[in-house]
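Quick notes on the structure that follows.
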Number of protein chains: 2
Amino acid sequence: MRLKKYTDYALRVLMYTATKNEEKVSIKEIAETFFISSEHIRKVVHQLSKAEYIETTRGRNGGIVLAKSPTDINIGSVIRIMENDFYLLECFDDGHNQCVITPACHLRHVIGEAMNAFFQVLDQYTLADLMENKEELRALMNQ
Amino acid sequence: MRLKKYTDYALRVLMYTATKNEEKVSIKEIAETFFISSEHIRKVVHQLSKAEYIETTRGRNGGIVLAKSPTDINIGSVIRIMENDFYLLECFDDGHNQCVITPACHLRHVIGEAMNAFFQVLDQYTLADLMENKEELRALMNQ
DNA sequence: AAAAAAGATGTATTTTTTATACATCTTTAT
DNA sequence: ATAAAGATGTATAAAAAATACATCTTTTTT
C-alpha cells in the first residue's frame, strides 16, 4: 500500500509555492530545492495546473502561483486527483472482477469503509494546515 | 493506491476455509473455486500458515483448517501481515528519505492519521463478520 | 528580429514491483 | 511403493512507476 511519488511531489510543489505568497516560482527552483529532476516536477505541475490548483505562466519571468487560497486547497482532493487507481481489491474494478463471491461478499464493504475513513481524515485538512509553521519550512527550503 | 492480489487471495482462502468447519480443504479446491492458479494459493497458504491463521497438514488426506476461531481472526491484522509495505510517502521510509522538509513537515502526520483511521476500521472486523451470511457464500462457492 | 527563459507535450527507456509459472522437494495415508 | 497433499526455491513475464530525452510554444528582453 503506497501512494505514488507524484502524489508526494505534488504536495511538495504546493507547499513550496505556498511559502511564496503571490510571487512566481519556477519548476527549476522547486526541483533544486528537493533534489528531484525538473522533468518530474514539470509533469506534476502540469497535472496540478489542469486541476486548477496552480496557475502557470510561460515565457521569461514565467512560473507558477497558487490558483486559490491555501485554505481552499483540500488535501484529500489533491490526493484523489493525483492517485488515479483506488481498486484496493479485484472486486472494486467492475470491468475486470472475476471473484465468484462478489454478490454476497462483505469484505468489499469493510475495505470500502476503511478507505472512506482514510479520506475522511484527509478531507479535514487543507494546504493552509500544512503551512501553519511556514517560517520553519522556509528555512528548510533554504529560503 | 492498491492492496496486493495476495492480500485479496488470503482473505478468500480464509473465507473459503471458514465455510468448512474443521473439515480440511485442499489448495486445489480453493484454486478451482476462484479460478486462480494453485501456485498462488499455495504461496498465500504458506504465509497464512507462518502467521498461524491456518494449520496445514501434508500428505494424503492433508489440507488446511483454520488455526483459530473466526472471531479471533482480525481483518486488520491479516492485511498488515499480507501487505508488507506501508510507505505511503517517501518520508515514511527513514532509510531512504531524502525530503528536506521532513523535520517540520505536517503532511506525514496527516497521512499517518489517515492510515490509522483506515486500520481502525479494519481492526473492528473479524473473519466471523465476513461469514455472517455463510450459506449464501457457500452457494456461490458451489458447495 | 533574435535570444533567452520559462512552461507544454509527447514519447521512449529503465527500474521496480507484482503476478505468474516451473521444478523439485518432503510428508503421510493407503 | 505409490499417490496425494503441502513446502520451498527460483525463474519468468507482465504491469506499473519512475525517469529521461527531444522538441515544441510562449513571452520578455535586448
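Everything numeric here is computed off the predicted structure, so don't read it as measured data. Each chain gets a letter, A, B and so on, in the order the sequences are listed, and its residues count up from 1.
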When you compare the side chain of [Y] with that of [X], does any pair of heavy atoms fall below 4.5 Å?
X       : Y        : answer
A:Ile64 : A:Ile30  : yes
B:Val13 : B:Phe34  : no
A:Asp8  : A:Leu3   : no
B:Phe86 : B:Phe119 : yes

Please determine which of B:Glu135, B:Arg138, B:Gln143 meets the side chain to side chain donor-acceptor pair (under 3.5 Å) test together with B:Thr19.
B:Gln143
Sole candidate of A:Arg2, A:Glu83, A:Gln47 that passes side chain to side chain donor-acceptor pair (under 3.5 Å) when paired with A:Thr7:
A:Glu83
How many whole angstroms separate atom [atom1] of [X] from atom [atom2] of [N]?
X       : N      : atom1 : atom2 : value
A:Phe34 : D:dT19 : CZ    : C1'   : 19 Å
B:Glu39 : D:dT10 : CD    : P     : 16 Å
A:Arg42 : D:dA18 : CZ    : P     : 18 Å
B:His40 : D:dA14 : NE2   : P     : 13 Å
A:His46 : D:dT19 : NE2   : P     : 19 Å
A:Ile36 : D:dA18 : CD1   : P     : 11 Å

Below 4.0 angstrom, which residues in residues 80-100 of chain B have at least one non-hydrogen atom near DNA chain C?
none
Of all of residues 58-67 of chain B, which get a heavy atom below 4.0 angstrom from DNA chain C, listed by number?
B:Arg58, B:Gly59, B:Arg60, B:Asn61
Has A:Asn97 got a side-chain atom pairing as donor or acceptor with A:Thr102's backbone, closer than 3.5 angstrom?
no
Could you walk me through whether A:Arg80 and A:Asp123 pass the salt bridge (Lys or Arg N to Asp or Glu O under 4.0 Å) check?
CA-CA 10 Å; A:Arg80 268 182 270 250; A:Asp123 287 343; 2.4 Å; yes
Please determine whether a side-chain nitrogen or oxygen atom of A:Lys5 lies at a distance below 4.0 Å from atom OP1 or OP2 of D:dA18.
no
Take B:Ser37 and A:Thr57, find for each the nucleotide of DNA chain C with the closest heavy atom, and name the residue whose nucleotide sits nearer the 5' end.
A:Thr57
Salt bridge (charged side-chain N to carboxylate O under 4.0 Å, His left out) contacts in which one or both residues fall within residues 35-45 of chain B, not counting sequence neighbours:
B:Glu39-B:Arg42
With heavy atoms under 4.0 Å as the rule, sort A:Val44 into base, sugar-phosphate or nothing.
nothing
Pick base, sugar-phosphate or nothing for A:Lys43, based on heavy-atom distances below 4.0 Å to the nucleic acid.
base
Check side-chain contact (heavy atoms from CB on, under 4.5 Å) between A:Ala128 and all other residues, then give those that pass, not counting sequence neighbours.
A:Pro70, A:Thr71, A:Thr126
Any residue meeting side-chain contact (heavy atoms from CB on, under 4.5 Å) with A:Lys5, in chain and number order, not counting sequence neighbours
A:Tyr9
Would you state whether a donor and an acceptor, one from the side chain of A:Lys4 and one from the base of D:dT19, lie under 3.5 Å apart?
no
Mind checking which nucleotides bracket the chain B contacts on DNA chain C, 5' to 3', with an atom under 4.0 Å from a heavy atom?
C:dT18 to C:dT30
